[in-house]
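Report on the following structure.
Given the structure is predicted, the values throughout are model-derived calculations rather than measurements.
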Amino acid sequence: MTSHTTVHTRTLAELSAGLAAGDYTSVELTKACLSRIEQHDGEINSFITVTADNALAAAKVADDRRAAGSAGPLTGIPLAHKDIFCTQGVKTSCGSKMLDNFVAPYDATVVSRLQEAGMVTLGKTNLDEFAMGSTNESSFFGAVRNPWNTACVPGGSSGGSAAALAAGFAPAATGTDTGGSIRQPASFCGVTGIKPTYGRVSRWGMIAYASSLDQGGVFAKTAEDCGMLLQAISGFDEKDSTSADEAVPDFNGGLNSDLKGKKIGVPTEFFGEGLDAEVKALIETALKQYEAMGCELVEVSLPHMHLSVPAYYVVAPAEASSNLSRFDGVRYGHRCDNPEDLADLYLRSRAEGFGDEVKRRIMIGAYALSAGYYDAYYLKAQRIRRLIRDDFTKAFESVDAIAGPVAPTTAFKLGAMKGDPVQMYLSDVYTLALNLAGLPGMSVPAGFADGMPVGLQLIGKHFDEAGLLNLAHQYQQKTDWHSKMPAAFA
Ligand code: GLN
């Protein structure tokens with residue numbers, strides 16, 4: 001009999017089996033998670049809101065559902081949601097003072113689908129304000145610390161979700177990825193994360209940052225677990241006009257397919273200047289592992305990769321400046337005290353409600369979209385975006401997937417990027433291109449450099465999440481980086 005107190009070391013697949021076998025109840029699992037959060041999250045700050053009462057009530061419902069014989073594979077398993085997903089009746093802050101008082105009147109599709117599967121929501125995780133950042137330091141609710149070294153950042157923007165998983169507070173968490181916000185924190189925290197193809201997962205109820213790039217996804221310990229979660233959240237949603245009306249395959253059906261003969265593209269552009277030597281060595285070792293599993297490594301080129309940072313940092317702020325115009329102090333969110341008139345209400349509410357990074361991006365975006373500069377910046381960035389997408393299309397003519405590092409370094413120290421936004425933007429150099437092209441990508445734990453985790457990035461063709469999960473799962477059968485936990489939280 002397995003003790004529910006070791007919940008934090010178990011995968012979803014194991015918890016699912018344990019619940020089915022009656023080794024523990026959902027209420028026991030949920031209590032175990034809540035007590036770990038209570039004991040240890042003071043050090044990490046991964047949660048903005050913990051919904052203990054709701055969680056215990058949902059766990060009870062899940063146990064009743066199991067007793068009635070109608071439990072599914074995820075029923076009764078606790079998880080945490082990035083605080084960018086609307087949750088009915090629960091504060092949904094997006095990491096901002098602007099929404100500190102916002103209680104969502106409805107659930108995001110991702111949230112309601114996981115609830116229908118019987119999962120138990122533990123609470124809402126911390127993030128960079130409006131998902132803008134790579135360190136989690138821009139959150140109004142304070143920085144999140146990396147469980148592997150609390151002097152370091154967990155990555156961003158979904159840093160709270162990745163850190164909560166790494167610290168064993170929850171066996172699964174949701175995230176969103178506009179330019180790397182699932183993959184980079186997964187890499188920095190040593191967990192597995194998947195950003196699906198744009199359109200695979202509904203954006204309904206996911207607070208918009210840059211709508212043409214934003215995509216919801218998940219974090220878990222293993223690729224298999226990610227597949228289980230993805231199965232529940234994927235698929236067309238009439239409430240999101242950009243959600244893809246594309247058949248949802250059995251994501252985990254091919255996990256054990258042999259990799260023999262699979263071609264993995266290795267882009268030269270991913271291994272150039274700026275890549276830390278130790279990170280590079282670990283990625284090369286991971287690639288050799290794929291060779292040992294029968295894959296063929298093929299050199300490919302993505303000649304416009306180097307333009308992804310400038311293109312992204314025009315497109316994303318442009319869309320953000322438009323999306324964030326809804327926060328005006330009138331309909332919801334922060335409102336300044338005693339406005340003199342309407343203009344004063346708008347100006348002061350926004351000046352008080354948004355943090356520096358968000359303001360910086362609104363200004364850049366508004367500038368790029370202004371009549372005089374639209375052609376020079378926004379239009380040009382959109383053209384580059386097309387070239388980047390074409391690079392991938394061409395590369396995928398000769399390979400099944402592409403692999404490389406997620407980030408050029410391991411997690412940096414808190415404060416290391418303060419005052420240098422451009423340096424922070426450069427940390428997204430390997431992740432942004434996928435969002436610009438709409439492709440699916442994963443981060444898979446691939447070792448440690450100086451005690452900090454390093455993620456291998458796997459990139460698939462549009463809608464080939466199943467192929468990516470197969471690649472990641474096979475790697476995780478041969479390595480055990482994904483099952484390591486930081487000593488302080490083991
Ligand atoms: N770090 C990138 C940014 O700040 C990506 C963030 C994200 O994916 N949400 O825009």
Margin query: Please confirm whether the ring centroid of H40 lies under 6.0 Å from the ring centroid of F489.
Written below: yes
Next item on the list: May I ask you to decide if M452's main-chain N or O and D450's side chain share a donor-acceptor pair within less than 3.5 Å?
Entry: no
Notebook entry, point to check: Quick check: does any side chain N or O of D177 sit under 3.5 Å from a backbone N or O of D214, one acting as donor and the other as acceptor?
Noted result: no
Next item on the list: Taking atom types as modelled, find out whether T176 and K82 have a side-chain donor-acceptor pair closer than 3.5 angstrom.
Entry: yes
Can you tell me which residue pairs pass the salt bridge (Lys or Arg N to Asp or Glu O under 4.0 Å) test with a partner in [range], sequence neighbours excluded?
range	value
residues 457-466	R200-E465
residues 474-490	D480-K484
residues 150-164	none

Next item on the list: Can you run down the ring pair (Phe, Tyr, Trp, His ring centres under 6.0 Å) pairs that involve residues 253-283, sequence neighbours left out, and say none if there aren't any?
Entry: F270-Y430
Next item on the list: Keeping to residues at least two apart or across chains, list the ring pair (Phe, Tyr, Trp, His ring centres under 6.0 Å) pairs with something in residues 281-313.
Entry: Y290-Y475, Y313-Y425
Note to self: Applying the side-chain contact (heavy atoms from CB on, under 4.5 Å) criterion to R203, which one of S243, S211, S241 satisfies it?
What the structure shows: S211
Checklist line | Candidate list N435, L213, T242, test side-chain contact (heavy atoms from CB on, under 4.5 Å), partner Y198, passing option | finding: T242
Note to self: Restricting to side chain to side chain contact (heavy atoms under 4.5 Å, CB included), what partner residues turn up for K260, sequence neighbours left out?
What the structure shows: D258
